[in-house]
Undergrad: 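Below is the structure I would like to discuss, written out as C-alpha cells.
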Amino acid sequence: MSNLKNTLREKIEAWRPRTKMLLEEYGNTVIDKVTIGQAIGGMRGIKCLVTDISYLDPNEGIRYRGYTLPEVFKLLPKPKNAEMPYVEGLFYLLLTGEIPNEQEVLDLVDEFSKRRILPRYVYEVIDAWPCCSPPMAMFSSAILAMSRESFFAKKYKAGINKNEYWDPMYEDGLNMLAKLPEIATYIYAKLYREGKRIVGNPNLDVGANFAHMMGKAKPYDDVTRMHFIIHADHESGNVSAHTAHLVGSSLSDVYLATSAMINGLAGPLHGLANQEVLRWLQEVMERMGGEIPTEEELRQFVWDTLHSGQIVPGFGHAVLRKTDPRYMVQREFSLKYLADDPIFKYVDMLYRIVPQVLIEQNKAKNPWPNVDAQSGVIQWHYGVTEYDFYTVLFGIGRSIGIVANLIWDRALLYPLERPKSLTTDMLEEIAGIKEKNLTHELGDD
Ligand code: HAX
C-alpha cells in the first residue's frame with residue numbers, strides 16, 4: 001500500500017469518532033434558521049454541508065485545510081527551477097491535511113505517472129463527437145465513459161463492507177485524476193491542432209507534463225500548476241462541488257460524480273465565466289478597433305452591457321464579499337509576466353472600473369473580481385487563444401478537490417443527500433398571507 005494511502009487510513013480512523021459523536025450526541029443541536037428568501041433564492045448562506053477540505057470566508061477567501069493561498073504557495077514543495085508548487089503536493093494536502101515533504105510528493109508524482117495511460121475507447125468516445133462540439137461536453141463524456149473502470153462499482157457489487165468504501169474510491173480517484181490532463185490535451189489537439197497530439201512524458205510532474213502536451217515552453221508549466229492549484233476547491237456549496245457531492249451521495253462512482261460536476265461547471269454563471277470574460281473582451285476590442293480604450297469608453301461599455309440586461313462576467317460572487325484571493329494570485333503573476341500585454345491592460349482597467357460601476361448600479365452584493373476575471377487572459381498570453389477550452393482547464397483543477405471530498409464523504413459514511421421541498425401554498429401559509437390572498441381573489445375585502 002502506498003504511503004499516502006497508509007497515512008490516509010490513519011487519518012480516517014482517527015477522524016471517524018468525531019463525526020460519530022456529533023451525530024449521536026449533538027444531532028439535534030440547531031446550526032441556523034432557514035428563511036423563505038433562502039428557500040426560493042438558491043439556498044444562499046444555508047449552513048447544511050460539511051467538508052474539512054476547504055473553507056470559504058466571505059471576506060478572506062478560500063483556505064485549503066486551514067492554509068490561505070499565499071501559505072499554500074509558500075509551503076508546498078516545488079520542482080527545481082519552478083516558482084509554483086507541485087500539483088500533486090496540493091492533492092496530498094487536501095487529502096491528509098498535512099504539508100507533504102519532498103519525498104512524499106515525488107512518490108505521488110510517480111503514482112500519477114503510472115496511472116495516466118488512457119484506455120483506447122476513451123479516445124474513440126472523444127473522436128465520435130462531431131466537429132466543433134463544446135469541449136466541456138466532450139470532457140464530461142470521456143470521464144463518464146471510464147465508469148466501466150470503477151473499482152468501487154465492482155467492489156460494491158461483490159459486497160464490500162461500508163467501512164472500506166473509501167479505499168476503492170481512493171483508487172478510482174487517483175486513476176481518474178492522473179488521466180484528466182491526457183483527456184484534456186487530446187480534446188485540445190482534436191479541436192484546434194488538426195488532431196496533432198503530443199504524447200505525454202512519464203518523467204514529468206502533472207504541471208510540466210500538461211505544458212509539454214499542450215506544446216508550451218516555460219513558464220507555462222508554472223502557469224498550469226498555479227491554475228490547477230487555485231481552482232482545486234472552494235468549499236462544498238458551489239455548483240460543481242455540490243453536484244459531485246450530491247451525485248456521489250447515492251454511491252455513484254468517482255467517474256459518474258465527476259462527469260456530473262463538469263456539467264455544472266460548464267454554466268456561464270460558474271466556470272464558463274472564465275471564457276465569457278474573453279468573449280466579452282473581444283467585443284470591446286472589436287468596438288475599439290484594437291486600440292486601448294480610455295477609462296471613460298470602457299466604463300460606457302460596462303454600462304452598455306448592464307443596460308442590455310447582461311451580466312459582467314468575472315465579477316461578483318455568491319459568498320465572497322471582497323476581491324477573490326485567487327484573482328490576486330493571478331494578478332501578481334500577470335503584473336510580473338504580462339504587464340505589457342495589451343489584453344492585460346484591458347483587464348487591469350476593468351479591475352479599477354467594473355467595481356465602481358457595479359457599486360453605482362447597486363444590485364450586485366459583491367462588486368469585486370472573482371477568479372474568472374483573470375485566468376483566461378493568462379492563457380491567451382501564452383498562446384492558448386481558443387477560449388472555449390478554458391473551462392476544461394478549470395475542470396481539471398476542480399477535480400482535485402472533488403476527489404479529495406468524495407474519498408472523505410465515503411470515509412465518514414455521509415448519507416444520501418435528500419433535502420425537503422415545500423410548495424408555494426405552504427410558504428404562503430408559513431408567511432401568514434394565504435388567507436389574505438384568498439380573500440383578495442374573492443373580492444371580499
Ligand atoms: N454583473 C451584473 N449583474 C450582477 C453581477 C455581475 N457581475 N453580479 C451580480 N449581479 C446581479 C445579479 O444578477 C442579481 O440581479 P437580479 O436581482 O436582477 O437577479 C443581483 O446582482 C444580486 O445578485 P448577487 O446576490 O450579488 O449574486 P448571486 O449570488 O445571485 O450570483 C454570481 C453570484 C457569481 C452568479 C453573479 O455575481 C454573477 O452572475 N457574476 C458574473 C458571472 C461570474 O463571474 N461567475 C463566476 C463566479 C465565480 C465562480 O463560480 N467561478 O467559477
Side-chain angles (χ1 to χ4, degrees), residues 35 37-46 54 56-59 61-62 69 136 139 227-244 261-281 283-284 298-299 301-330 347 350-379 387 389-402:
T35 65
Q38 288 173 310
I40 297 178
M43 300 192 275
R44 293 290 183 286
I46 300 177
S54 67
L56 178 60
D57 180 89
N59 294 309
I62 193 68
L69 283 184
M136 282 295 269
F139 193 42
H227 191 95
F228 291 169
I229 289 174
I230 60 173
H231 287 89
D233 207 32
H234 221 219
E235 69 168 43
S236 286
N238 64 80
V239 170
S240 51
H242 189 197
T243 304
M261 93 73 180
I262 291 290
N263 301 342
L265 192 67
L269 295 187
H270 191 17
L272 204 82
N274 63 4
Q275 56 195 62
E276 283 295 293
V277 170
L278 259 290
R279 192 181 56 76
W280 185 70
L281 274 177
E283 272 179 44
V284 196
L298 199 56
R299 189 186 312 276
F301 188 79
V302 176
W303 273 117
D304 289 350
T305 301
L306 293 173
H307 286 144
S308 63
Q310 298 175 63
I311 52 159
V312 181
F315 288 79
H317 201 274
V319 177
L320 278 169
R321 293 296 173 257
K322 287 271 166 67
T323 296
D324 192 335
R326 301 173 298 174
Y327 178 91
M328 292 313 287
V329 167
Q330 298 179 98
V347 171
L350 290 172
Y351 176 64
R352 280 174 277 127
I353 290 169
V354 175
Q356 293 169 8
V357 174
L358 289 177
I359 289 169
E360 204 179 321
Q361 193 203 26
N362 200 20
K363 269 176 77 176
K365 292 189 190 70
N366 173 36
W368 310 109
N370 61 56
V371 65
D372 297 315
Q374 183 75 70
S375 55
V377 176
I378 300 178
Q379 294 299 324
Y387 50 78
F389 186 70
Y390 292 171
T391 317
V392 173
L393 301 176
F394 191 155
I396 302 176
R398 180 53 48 94
S399 300
I400 299 167
I402 294 300

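When a ligand or atom number is given, it counts from 1 through the structure's own listing order.
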Undergrad: Could you tell me, atom by atom, which parts of ligand 1 come under 4.0 Å of a heavy atom of Gly314?
TA: 43 (C), 44 (O)
Undergrad: Val312 to ligand 1: N or O pair under 3.5 Å?
TA: yes
Undergrad: Any donor and acceptor pair, going by atom type alone, linking the side chain of Asn370 with main-chain N or O of His317 inside 3.5 Å?
TA: no
Undergrad: Mind checking whether Gln310 has an N or O less than 3.5 Å away from an N or O of ligand 1?
TA: no
Undergrad: Pairs of nitrogen or oxygen atoms closer than 3.5 Å, one from Arg44 and one from ligand 1: do any exist?
TA: yes
Undergrad: Consider ligand 1: state whether an atom of it lies below 4.0 angstrom from any non-hydrogen atom of Asn238.
TA: no
Undergrad: What protein heavy atom sits nearest atom 39 (O) of ligand 1, and how far away is it?
TA: Leu269 CD2, 3.5 Å
Undergrad: Is there a side-chain contact between Tyr390 and Ser375 in this structure, where contact means two heavy atoms from C-beta onward sitting under 4.5 Å apart?
TA: no
Undergrad: So for ligand 1, is Pro313 a polar contact partner (N or O within less than 3.5 Å, distance only)?
TA: no
Undergrad: Measure from atom 2 (C) of ligand 1 to the protein's non-hydrogen atoms and state whether any distance is below 4.0 Å.
TA: yes
Undergrad: When you measure from atom 42 (C) of ligand 1 to every protein heavy atom, which one gives the shortest distance, and what is it?
TA: Ile311 CD1, 3.5 Å
Undergrad: Note the single closest protein heavy atom to atom 22 (C) of ligand 1, along with its residue, its atom name and the distance in Å.
TA: Lys363 O, 3.5 Å
Undergrad: Do you see a protein non-hydrogen atom under 4.0 Å from atom 32 (C) of ligand 1?
TA: no
Undergrad: Which distance, rounded to the nearest 0.5 Å, do you find between the CD1 of Ile396 and the CZ of Phe139?
TA: 5.0 Å
Undergrad: Can you tell me which residue and heavy atom of the protein come closest to atom 47 (C) of ligand 1, and the distance to 0.1 Å?
TA: Asn370 ND2, 3.4 Å
Undergrad: Specify the protein heavy atom at minimum distance from atom 27 (O) of ligand 1: its residue, its atom name, and the distance to 0.1 Å.
TA: His317 O, 4.5 Å
Undergrad: What protein heavy atom is closest to atom 50 (O) of ligand 1, reported as residue, atom name and distance in Å?
TA: His270 ND1, 2.9 Å
Undergrad: Starting from atom 36 (C) of ligand 1, what is the nearest protein heavy atom, named by residue and atom, and what distance separates them?
TA: Phe315 O, 4.4 Å
Undergrad: Need the ligand 1 atom indices (1-based, order shown) with element for anything under 4.0 Å from a heavy-atom of Gly271.
TA: 52 (O)
Undergrad: Can you sort out which atoms of ligand 1 are near Ala273, meaning under 4.0 Å from one of its heavy atoms?
TA: 43 (C), 44 (O), 45 (N), 46 (C)
Undergrad: Check ligand 1 against Phe394 and write out every atom of the ligand that is under 4.0 Å from a heavy-atom position of the residue.
TA: 52 (O)
Undergrad: Look at atom 14 (C) of ligand 1 and say whether a protein heavy atom is found at less than 4.0 angstrom from it.
TA: no
Undergrad: Can you confirm whether something in the protein, heavy atoms only, sits under 4.0 Å from atom 19 (O) of ligand 1?
TA: no
Undergrad: Which part of Ala364 is near ligand 1, with near meaning a heavy atom under 4.0 Å away: side chain, backbone, both or neither?
TA: both
Undergrad: Where does Asp372 meet ligand 1, judged by heavy-atom distances below 4.0 Å: at the side chain, the backbone, both, or neither?
TA: side chain
Undergrad: Measure the CD1-CD distance between Ile46 and Gln38 for me, rounded to the nearest 0.5 Å.
TA: 4.5 Å
Undergrad: Using a strict cut-off of 4.0 Å, indicate which atoms of ligand 1 neighbour a heavy atom of Leu306.
TA: 2 (C)
